[in-house]
Amino acid sequence: MNILPLTLKNVTYYSGGKQLLKCNVTISEGPNTMVLGPNGAGKSIFLRVCHGLLKPTEGQVEWTGKEQDANNPNQAMVFEKPIMLQRTAEENLAYGLKLRKAKKDVIKQRVSQVLQRVGLTEAAKQLATSLSAGEQQRLALGRAWVLEPDVLFLDEPTANLDPGSTAEVEIIIQEIKKSGTKIVMTTHDLGQARRLGGDIIFLYGGTLKEHSPAEKFFDSPKTKEARAFLNGEILWGQD
Amino acid sequence: MAGTEDTANNFLDALLLALDLITGLNAGLIEIVGLSLSVSLSAVLIAGSIGLPLGAALAVYNFRGRQISIVLLNALMGLPPVFIGLTVYLLLSRSGPLGALDLLFTPTAMVIAQAILITPIVAALSRQTCQGLYEIYQEQLRSLGATPLNMMLTILWDARISLLTAIMAGFGRAIAEVGAVFIVGGNIENFTRVMTTTIALETSKGNLALAMALGIILVLLSIVVNGVASITADSVSRSKANR
Amino acid sequence: MGTGLITLINRLILIAAFLCSTSASAEQVIKLASTTSTENSGLFKFLLPKFEKATKIKVRVIAAGTGQAIRIGRNGDADVLIVHHPPSEERFVAEGFGLKRHKLMYNDLVIVGPKTDSAKIRGVEEATIAFSKIASSMQLFASRGDESGTHLAEKEIWKRAQLNPQRTRWYLSLGAGMGSTLNIAVAMDTYALTDRASWAAFRNKKNHTILMEGDKKLFNQYSVIAINKKKHGHVKFDLVKKFTNWLLSNDGQKAIRNFRINGKQMFFPNANREQ
C-alpha cells in the first residue's frame, strides 16, 4: 500500500514571526526528486515539514491512504550529519526495527543484508561512532534502508564528505531507489542534482518557484531566480 | 613554631596510624568501613534508580512547569544534610507519622536519609547530560519512530559513561556526609556507627590522630571506589569498540 | 535493555532484604539514650557487656546531650534514659513520660584550665569563688552552651556567684558537646567546666589540667529512668525492668565502682542511698 503521492496543500511555516516556507506541491512515485535552491531557501524546512518533524503553521500535509506523522513507519530520513548511537554498527541498524517490534530473525536477516549492501559487513561489531564520516553516512543510509520505507528523505547527505565517499553514497542511494523507495533529496551540488535527479523542485526565499522534470529544468528554467541559480550567480533580494 | 611542629607531628602520626589500621585489618575499622559502604552504596542504588530516569524524563518531556522543575531540582542539590537528617528524624520518630515502622536509629534510616540527599544530585546531573544528548539526537530518533519514552531509554543507555559520573558524584556526597546519618542513626556502636560519625566521635574525645587517620582512610576508600568504577567503565567501552 | 531491568530489580530486592534484616531482629534489644559523658568515658563499653552476658539482652546506646536524650525519651524513640540533670528528670517524670527516677551513680564536675592558671583558681574550694576570679580577671571561659546537664550546672554556679557572663568578650558560648568544648578550650587556652570522667578519658589535654575540684556543690547525680509504657506502648518495658534492676543491684553497682580510667574510679554508685 503506497503512501504516495504526497500533497502539501497551502502549507506555510512560520518561525519567530517570519514566513520561512509557503508552497503547494505534489510529490509522486517515480524518479528521484531533488530539492534545489540557494542557502536559506527553505529546503531543510521543506523536507522536515514533509517528513513530519515540523508541523506546518497553516495548511495540510496529506499522504495517500495512511495517516502519517512524526512516528513514520513508512518514511525515513537521513540528515547531513549522521547521528550514530553509542553501540555497534549492526546495533545501530537494528535500532529502528527494534522500535517497531520486529521479530529477532527478521532483524538479523535484514541487518546482515543491508550491511553487505552498504559495504560495512566487516565493521558490523565495531562501535559506530568510531567509523569514518563516510562510513557513518553509509551506515545512516543503511539504518533507513533496513526499514524498507516507501519514501526516503535526505538532507544534503554528502555535504560533508570527500568525493570518494560521495560517490559511494550516491551509488547506495540509487540502489535504494531500485529497491522500490522514493527518493526526495536536497542538495546544493548542481552536478549531483544532474547525476541523480529525475524531478526538480526549486525553492527560493521559502517559496516554490519551479517543479518540473530534470531535463526541462536544467535546459530551460522558467523563472529568473532559477536561471540565476543555474548560472551560479549570487542571488540578492530574497524576500 | 611549636604549633606547626605539632601539626606536622599530628599528621605524620595520623598517616602511620592509618597504615597500621589498614595493614593490620583492624576489626573495628573493617566494621565501620563495611557499614559506610553498604549504607552509601544502597543509597546510591536507590538514588540512581529514581534520579537517572527522572533526569532523562525532564530532558525529554516537555510540560508546563518544566523550567521551574529544573530550577527546583538544581536547588535541591544544595540541601543541607543536617536539615534532611532532622526531617527524616521527625518523620521516623515514634512520635512522628512513620513511627510505627520502627526505623529510627537503624541503618535503614541512614540509607533513606542519604538517598534523599543524593537523589537531586543524580537527577540534576542526569538531566543535564541527557538534555545535551537529546538536543543532538531528537530529530534522528523521532524520524526513526521513537516515542519520548523510547528516547528516554535510548539516551540513558547512550549516556551511560557520563551518568556513571553522576552516580559517583552522588556516592561521594553520601560517603562524606555526617549530619544526616548522625541524627537518624544515633551513632550506635556496632550498629549505626560509620566512618564519618566515628571521626566526629573520636575528635570529640580528643583522639585527633585517630580521627585524622580515619579521615585519610575515608579519602583512600573514595579513591578506590571511584577507581573501580572508572576502570569498569573503561573496560566495558573498550571491549565494545574492539569487537 | 530487558536484562538491565532484571538486574535492577534483583538489586532492589537485595537492598530490601538487607534493610529488613537490619531493622527487625529476633534478638532482645533495648535502646538507651544517655549523655556523652557516660559514653565517651568508656563506662558503657565496660558495663554493658556484663549485663549482656548475664541476660542476653543487647543495649544500644544513643549518646547525646541530656536535653536531647530527654527529648528522645519523650518521643518514645528510646526505651530507657540515663541522664544527669535532676530538675529536667523530675519534670520528665511529672509529665508522665518517665516512669520513675532511680538514682544510679554520681561523679563530680571539675574546672580545667591551662597550667599557667592566670586567674589563680588552683586550690580554691568553691566553684563560685573560682568563677568570680575568672570573671574579674576576664580570662577566657569556654561554655558548652547547649542546655546539657553540665551546661545547666554551670549556669547555676554563675547564678549563685551573682554574675552574668553573657555577652562579655571572655565568655565563649559554644553550643557544643563536651568533647568539642574541651578541644576548643585546649586550643584557645580557656577555662572550662567538665565532668571528671569526660576529662579523664579526653586525649587532647595538652597543657590543661584540673585546677579546681572537690566542691560539694559540683556533685553530678546520674539517674536511670524507664520510659512510661502508658505514654508509649511500644517500649520494651519488661526488658528495661531487667536492665534497671541489674544496674541498681549489687552486681551493677559493683561494676560501676570497678570502672577506672588510669587506675582512678570515675563514677560512684549510689543507688537507694541518701546523698
Side-chain angles (χ1 to χ4, degrees), chain B residues 2-3 6 10 35 38-39 41-46 48-49 52-53 89-90 92-96 99-112 115 150 153-154 156-157 160 182-193 197 200-211, chain C residues 1 4-5 8-9 11-12 14-16 18-25 29 31-33 36 39-42 44-45 48 58-64 68 71-72 74-78 176-183 186-187 198-199 201-206 208 227 231-235:
Chain B
D6 256 348
N10 261 337
L35 188 63
S38 64
V39 165
L41 287 175
S42 302
V44 158
L45 263 157
I46 296 174
S49 312
L52 292 177
Y89 174 91
L90 292 172
L92 296 180
S93 165
R94 274 281 170 175
S95 302
L101 293 174
D102 204 17
L103 286 175
L104 191 60
F105 302 140
T106 65
T108 307
M110 297 158 78
V111 171
I112 293 173
N150 292 138
L153 298 173
T154 301
L156 276 173
W157 177 246
R160 54 199 179 280
F182 211 114
I183 295 176
V184 306
N187 198 21
I188 299 170
E189 193 175 11
N190 301 129
F191 191 56
T192 56
R193 195 166 286 179
T197 56
L201 178 64
E202 293 303 326
T203 305
S204 79
K205 281 155 79 175
N207 280 332
L208 302 186
L210 178 57
Chain C
M1 192 51 60
L5 199 56
L8 180 63
I9 294 176
R11 291 213 195 104
L12 290 175
L14 272 173
I15 299 175
F18 158 63
L19 295 179
C20 287
S21 70
T22 53
S23 63
S25 30
V29 176
K31 285 186 276 201
L32 164 65
T36 51
E39 168 74 359
N40 288 9
S41 62
F44 288 138
K45 219 183 171 105
L48 296 178
K58 187 139 182 49
V59 181
R60 291 199 185 128
V61 180
I62 300 134
Q68 213 180 328
R71 170 142 302 113
I72 290 174
R74 180 176 269 119
N75 287 341
D77 290 323
M178 195 73 253
S180 310
T181 305
L182 289 176
N183 274 327
V186 165
S198 292
W199 180 251
F202 188 66
R203 301 277 290 272
N204 187 28
K205 294 188 175 80
K206 293 240 172 78
H208 270 48
I227 306 300
K231 281 277 187 178
H232 290 292
H234 63 269
V235 294

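Throughout, a chain's letter reflects where its sequence line sits, starting with A, and its residues are numbered from 1.
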Check whether any side-chain heavy atom of C:Val61 lies under 4.5 Å from a side-chain heavy atom of B:Phe191, and answer yes or no.
no
Where do C:Asp77 and C:Lys31 land on the side-chain contact (heavy atoms from CB on, under 4.5 Å) test, with the steps shown first?
CA-CA 8 Å; C:Asp77 290 323; C:Lys31 285 186 276 201; 5.8 Å; no
Using a strict 4.0 Å threshold on nitrogen-to-oxygen distance, state whether C:Arg203 and B:Glu202 make a salt bridge.
no
Under 4.5 Å from any heavy atom of chain B, what part of C:Lys205 do you find: side chain, backbone, both or neither?
neither
Select one option (side chain, backbone, both, neither) describing which atoms of B:Ile188 are under 4.5 Å from chain C's heavy atoms.
both
Pick one of side chain, backbone, both or neither for C:Glu39, based on which atoms fall under 4.5 Å of a heavy atom in chain B.
side chain
Please lay out, stage by stage, how B:Arg94 and C:Asn75 fare under the test side-chain hydrogen bond (donor to acceptor under 3.5 Å, both in side chains).
CA-CA 6 Å; B:Arg94 274 281 170 175; C:Asn75 287 341; over 6 Å; no
Heavy-atom pairs under 4.5 Å with chain C, option from B:Ala100, B:Ser95, B:Gly48, B:Gly185 with the top count
B:Ser95
Distance-only, no hydrogens or angles: does the B:Arg193 side chain make a donor-acceptor pair with backbone N or O of B:Asn190 under 3.5 Å?
no
Go through B:Asn207, B:Leu104, B:Leu92 and name the one with the most non-hydrogen pairs under 4.5 angstrom from chain C.
B:Asn207
